[in-house]
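Protein chains get the first letters and strands the later ones, always in sequence-line order, with residue 1 at the start of each.
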There are 2 protein chains.
Amino acid sequence: MAQNKSDLFGNEEIQLANLAKALAHPARIKILKILMDTNVCMCGQIVDRLPLAQATVSQHLRELKQVGLIQGEIEGPKTCYCLNPDNIKSAKEHFTQLFSSICNC
Amino acid sequence: MAQNKSDLFGNEEIQLANLAKALAHPARIKILKILMDTNVCMCGQIVDRLPLAQATVSQHLRELKQVGLIQGEIEGPKTCYCLNPDNIKSAKEHFTQLFSSICNC
DNA sequence: GCTCACTATCGTATATTTACGATTAACGAT
DNA sequence: ATCGTTAATCGTAAATATACGATAGTGAGC
């Protein structure tokens with residue numbers, strides 16, 4: 001049991017669910033805010049601002065990267081992360097569309 | 001290991017993450033759309049429209065209810081589910097606020 | 001070459017989520 | 001009171017997520 005049935009749904013639902021999943025952890029929301037509010041971008045600096053180990057933060061960063069909300073450029077031994085405005089905009093529109101399709105408000 | 005550290009974050013992040021988690025499955029997004037698009041509301045009718053067993057759908061409904069996106073009124077042996085417009089509006093505003101705080105678009 | 005600083009990945013443990021069948025509960029109708 | 005219908009919950013199995021220490025990899029500087 002418990003085989004994933006997510007692929008039995010429509011693309012729209014799957015895509016939105018994946019986006020939502022990426023936002024479904026406080027650490028990942030916090031990371032987005034850190035990247036926006038401060039002009040910090042290196043992994044280590046993000047680690048310093050979170051109550052989590054480096055490996056864990058790296059995992060969260062990877063998930064945000066996988067759905068395209070952030071991008072990371074490797075600069076030698078460091079990695080500079082930044083928001084991906086295009087995809088954030090697109091995500092925003094997806095959510096807006098969902099909410100307007102389920103509620104006239 | 002793997003004890004939850006979510007409570008080490010701010011209320012804003014936790015609340016948004018919980019909302020996002022509720023939307024982080026295609027079935028739950030589909031349920032919201034079904035409740036909006038059709039004038040169907042009983043559990044059984046929702047089950048008919050999803051490729052999932054009754055018990056599974058009931059679980060998804062409970063999660064949506066827990067974060068307040070829907071509400072269910074028991075009418076005898078049946079249960080009539082419907083959207084909770086106030087909370088959906090509030091959720092929409094939370095997401096909008098997040099996106100505008102991480103992106104000027 | 002070697003070392004240092006930084007980050008990704010591996011391995012692993014635990015927690016949570018997803019999914020279903022079976023059972024229980026609640027009520028209307030007979 | 002029993003039966004049929006509907007939905008919630010229990011029990012359970014498997015998958016996924018969370019978290020960390022340890023290790024591997026990458027490039028700058030010596």
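- Two residues, B:Thr56 and A:Leu61, neighbour DNA chain C, and the one matched to the more 5' nucleotide by heavy-atom proximity is A:Leu61.
- Using a 4.0 Å cut-off between charged side-chain N and carboxylate O, A:Lys33 and B:Glu13 make a salt bridge.
- Classification of the B:Phe99-A:Phe95 ring pair by plane angle, with boundaries at 30° and 60°, yields tilted.
- With sequence neighbours excluded, no residue forms a salt bridge (Lys or Arg N to Asp or Glu O under 4.0 Å) with B:Lys30.
- Here D:dT18 is the nucleotide among D:dA28, D:dT18, C:dA19 with the atom lying nearest to any side-chain atom of A:His25.
- Heavy atoms of B:Lys21 sit under 4.0 angstrom from primed sugar atoms or phosphate atoms, though from no base atom.
- Two residues, A:Phe9 and A:Cys43, neighbour DNA chain C, and the one matched to the more 5' nucleotide by heavy-atom proximity is A:Cys43.
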| Would A:Ile46 and A:Ile31 count as a side chain to side chain contact (heavy atoms under 4.5 Å, CB included) if you check the C-alpha gap in whole Å, the side-chain angles of each, and the deciding distance to 0.1 Å? | CA-CA 7 Å; A:Ile46 299 170; A:Ile31 288 171; 4.0 Å; yes
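- Nucleotide C:dG28 holds its P atom 14 Å from the CE atom of B:Met42, rounded to whole Å.
- The side chain of B:Asn4 lies closest to D:dA19 when the candidates are C:dA8, D:dA19, C:dC20.
- With hydrogens and angles ignored, a donor-acceptor pair under 3.5 angstrom links the side chain of B:Gln54 to the base of D:dA8.
- Between the CD atom of A:Gln45 and the P atom of C:dA5 there is a distance of 16 Å, rounded to whole Å.
- No engagement by B:Ile74 is indicated, since no non-hydrogen atom pair under 4.0 Å with the nucleic acid exists.
- Residues meeting the salt bridge (Lys or Arg N to Asp or Glu O under 4.0 Å) test with B:Glu93, sequence neighbours left out: none.
- Distance, B:Lys5 NZ to C:dT14 P: 15 Å, rounded to whole Å.
- A:Thr79 comes within contact range of the sugar-phosphate backbone alone, with a heavy-atom separation under 4.0 Å but no base atom that close.
- Between B:Gln59 atom CD and C:dT23 atom P there is a gap of 18 Å when expressed in whole angstrom units.
- For B:Ser58, whose side chain is taken as the heavy atoms from C-beta onward, the closest listed nucleotide among D:dA8, D:dG11, D:dA19 is D:dA8.
- Computed from coordinates, the B:Ile46 CD1 to D:dT6 C1' distance equals 13 Å when rounded to whole Å.
- One finds no side-chain N or O of A:Arg62 lying less than 4.0 angstrom from the OP1 or OP2 phosphate oxygen of C:dT7.
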| Step by step, would you call B:Leu23 with B:Leu32 a side chain to side chain contact (heavy atoms under 4.5 Å, CB included)? | CA-CA 9 Å; B:Leu23 298 176; B:Leu32 294 176; 3.7 Å; yes
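- Using a 4.0 Å heavy-atom criterion, one finds that A:Glu63 contacts the sugar-phosphate atoms exclusively.
- Of the candidates D:dC20, C:dA26, C:dA8, C:dA26 carries the atom nearest the B:Pro77 side chain, counting heavy atoms from C-beta on.
- Listed nucleotides C:dC20, D:dA7, C:dT7 differ in distance to B:Ala53; the shortest reach to its side chain belongs to C:dC20.
- Taking atom NE2 of B:His60 as the reference point, atom C1' of C:dA19 lies 8 Å away to the nearest angstrom.
- At whole-Å resolution of the value, CD in A:Gln66 and P in C:dA8 are 13 Å apart.
- In this model, the phosphate group of C:dA8 is approached by a side-chain N or O of A:Tyr81 to a distance below 4.0 Å at OP1 or OP2.
- Distances from the side chain of B:Arg28 to the nucleotides C:dC6, C:dT18, C:dA22 place C:dT18 closest.
- In this structure, B:Asp7 places its CG atom 14 Å from P of D:dT18, rounding to the nearest Å.
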